[in-house]
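Whatever order the structure lists ligands and atoms in, that order sets their numbers, starting from 1. Hydrogens, waters and symmetry mates are skipped; everything else that's a heavy atom, side chains included, is used. Bear in mind that the values here come from a model prediction, so they are computed numbers and not experimental data.
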Amino acid sequence: MTRIETVRLRAVLDSRGNKTVEADVLTESGGFGRAAAPSGASTGEYEAIELPVNEAIAAAREHAVPRLDGRVYAGDQREVDDTLRAADGTEDFSEIGANSAVAISMAAAKAGADVLGAPLYQHLGGAFRGENFPIPLGNVVGGGEHAQEATAIQEFLSAPVGAPSVKDAVFANAQVHGEIGSLLEERGTPAAKGDEGAWAPPVSDAEAFEIVEEAVETVSDDVGFDIKFGLDLAAAEVFEDGEYVFGDEVRSTEEQIEYVAGLVDEYDLAYVEDPLDEDAYEAFAELTERVGDQTLICGDDLFVTNTERLQEGIDVDAANSILIKPNQIGTLSDAFDAIELATRNGYETVVSHRSGETEDATIAHLAVATDAPFIKTGTVQGERTAKLNELIRIADEAL
Ligand code: PGA
Ligand code: ZN
């Protein structure tokens, strides 16, 4: 095993044009890894803390880098991540910033893989299992915090559940995205794009359901396998004074449960993320009780990749799946812990990008390494295709 020689930190740009933290990790034997932190817009209240970039870099240089350089083995991810936690000293990385922590954690993992001469997913303990690839959930229409004057629901996600291979799934999502572009053009609806490259048309949620359903059916017929769709309602963002305010539609908790259960039935939804507020464990449980055998009820802002919050959810059967975002919790090891707890309790895992992304493709390897059934990482645009194309390469090289 080889020790980390140097950690170098710098500010670079993310996909929104905001500054983010990039880390380089060099090992004593010449191994190298580089990674940058993504950033959310509809962030959960309980996420680890993202500090202003310059502050995060300065704090990590002062507290974390001296503990890593020349001391910690690059190949020992747990030791790297424990060191980051000890250097920070808080529960939520508010001292060095989760943005610095996750960039260093991922860069060290890549350096560890480089030293071994192995693909990152193998270094992270996984193998590519052929037919058991992570199904990409692709944001094709959206609004909420990711676009202006678009749908109230944050994301409509293409879900190619019947795809025979990862590349078929990736290409199908891109085709659904293209088909929706054509449908919008036919309707004369001008459509901008949101942060993740999804269409952001000025239509009601009801209209968006019709458009997405038509596109998914058309592409499904064309490619010859089943494509469903799902939603991220990001409901915590619109929960005000005990009510859910989706555009002009205002619903009580009971009405929201009724509404979402109705959507699952009507559209045979494959996936429903954050249908309720980030503190609404009981309401989540009620919805899961009703439709959890038909669809995935996934906690993003609810669980924030945090094992304590996930355990609370498991205790009351709040959901049946969890979104995994390494930067929500700060390190890869913490993300692994959340995945392990979820899997042990029969929860499905969905490894996910953020709305502000970088060219980094670590989450593709994390999804393969942990045998995650799903990955949510957009459909088009370079920072999204970086992950999707990496999945295609992993499959191609492994088979
Ligand atoms: P975010 O959105 O990255 O802006 O938080 C993605 C999501 O809510 O899943
Ligand atoms: Zn979400």
Side-chain angles (χ1 to χ4, degrees), residues 14-18 20 36-50 98-99 102 134 136-148 150-159 193-198 200 229-239 244 246 260 269-280 284 287 295-306 309-310 313 318-319 321-330 335 338 348-358 360 362-363 366-367 372 374-379 381 383-384 386-387:
D14 74 8
S15 57
R16 276 194 275 257
N18 295 332
T20 190
S39 175
S42 66
T43 45
E45 186 182 340
Y46 303 103
E47 294 194 19
I49 304 297
E50 178 187 314
N99 36 349
V102 81
L137 300 171
N139 188 0
V140 285
V141 170
E145 294 290 307
H146 293 168
Q148 287 175 344
T151 56
I153 290 178
Q154 183 178 284
E155 299 169 27
F156 290 76
L157 300 141
S158 174
K193 284 185 181 171
D195 287 348
E196 296 180 359
F229 70 103
L231 306 172
D232 180 2
L233 291 109
E237 300 294 324
V238 299
F239 189 63
Y244 293 91
F246 281 91
V260 175
L269 297 178
Y271 179 77
V272 180
E273 179 181 328
D274 283 352
L276 293 147
D277 183 53
E278 59 205 328
D279 289 310
F284 255 91
L287 180 65
T295 192
L296 291 177
I297 301 294
C298 185
D300 170 15
D301 293 348
L302 179 72
F303 296 140
V304 293
T305 318
N306 180 313
R309 292 190 61 86
L310 174 60
S321 62
I322 177 176
L323 211 69
I324 300 291
K325 292 169 165 171
N327 84 318
Q328 270 182 335
I329 191 71
E348 307 269 8
T349 54
V350 184
V351 175
S352 172
H353 66 170
R354 302 305 307 245
S355 52
E357 262 299 335
T358 74
D360 190 87
T362 301
I363 59 166
L366 179 61
F374 297 94
I375 182 168
K376 184 173 101 155
T377 186
T379 307
Q381 293 187 173
E383 74 282 4
R384 317 291 152 187
K387 287 76 164 165

Check your understanding: What atoms of ligand 1 come within less than 4.0 Å of a heavy atom belonging to D300?
Key -> 7 (C), 8 (O), 9 (O)
Check your understanding: So among R384, K387, Q381, which one has a side chain to side chain donor-acceptor pair (under 3.5 Å) with E357?
Key -> K387
Exercise for review: Could you list which atoms of ligand 1 come closer than 4.0 Å to a heavy atom of A41?
Suggested key: 1 (P), 4 (O), 5 (O)
Exercise for review: Using modelled atom types only, decide if a donor and an acceptor are shared between the side chain of S158 and the backbone of G138 within a distance under 3.5 Å.
Suggested key: no
Review point. Does T295 reach the main-chain N or O of L269 with its side chain, forming a donor-acceptor pair under 3.5 Å?
Key: yes
Revision key, fill the gap. Among non-hydrogen protein atoms, atom 8 (O) of ligand 1 lies closest to Q154 NE2, 3.0 Å
Check your understanding: Where is the nearest protein heavy atom to atom 9 (O) of ligand 1: which residue, which atom, and how far?
Key -> K376 NZ, 2.8 Å
Check your understanding: Would a distance-only check, ignoring hydrogens and angles, find a side-chain to backbone donor-acceptor pair under 3.5 Å from N327 to G330?
Key -> no
Exercise for review: Select the closest option to atom 2 (O) of ligand 1 among E47, H146, E237, judged by heavy-atom distance.
Suggested key: H146
Check your understanding: Which atoms of ligand 1 are found less than 4.0 Å from any heavy atom of K325?
Key -> 5 (O), 6 (C), 7 (C), 8 (O), 9 (O)
Point to revise | Region of E273 that comes within reach of ligand 1 [heavy atoms, distance under 4.0 Å] | key: side chain
Revision key, fill the gap. If you scan protein heavy atoms around atom 3 (O) of ligand 1, the nearest is S355 N, 2.8 Å
Study note, to complete from the structure: Nearest heavy-atom contact between G44 and V304 is CA-CG1, 4.4 Å
Point to revise | Exam field: side chain T305 to backbone P326, donor-acceptor pair closer than 3.5 Å | key: no
Point to revise | D301 (side chain) donor-acceptor with E278 (main chain) under 3.5 angstrom | key: no
Check your understanding: Any idea which protein heavy atom is nearest atom 5 (O) of ligand 1, and the distance to it?
Key -> R354 NH2, 2.7 Å
Review point. Nearest to the Zn ion (ligand 2), which N, O or S atom of D232 do we find?
Key: OD2
Review point. With distance as the sole test, does Y46 use its side chain to make a donor-acceptor pair with the main-chain N or O of D279 at under 3.5 Å?
Key: no
Check your understanding: Should you measure from each heavy atom of G40, which atoms of ligand 1 turn up under 4.0 Å away?
Key -> 1 (P), 3 (O), 4 (O), 5 (O)
Practice item. For the Zn ion (ligand 2), decide whether D274 has an N, O or S atom at a distance under 2.8 Å. Key: no
Point to revise | D232 and ligand 1 - part of the residue with a heavy-atom distance under 4.0 Å | key: side chain
Check your understanding: Donor-acceptor pair, R16 side chain versus S39 backbone, under 3.5 Å?
Key -> yes
Practice item. Go through ligand 1 atom by atom and flag the ones less than 4.0 Å from a non-hydrogen atom of S42. Key: 1 (P), 2 (O), 4 (O), 5 (O), 8 (O)
Revision key, fill the gap. Note: ligand 1 atoms sitting under 4.0 Å from heavy atoms of E155 are 6 (C), 7 (C), 9 (O)
Study note, to complete from the structure: OE2 (E273) to the Zn ion (ligand 2) to OD2 (D300), nearest 10°, is 90°
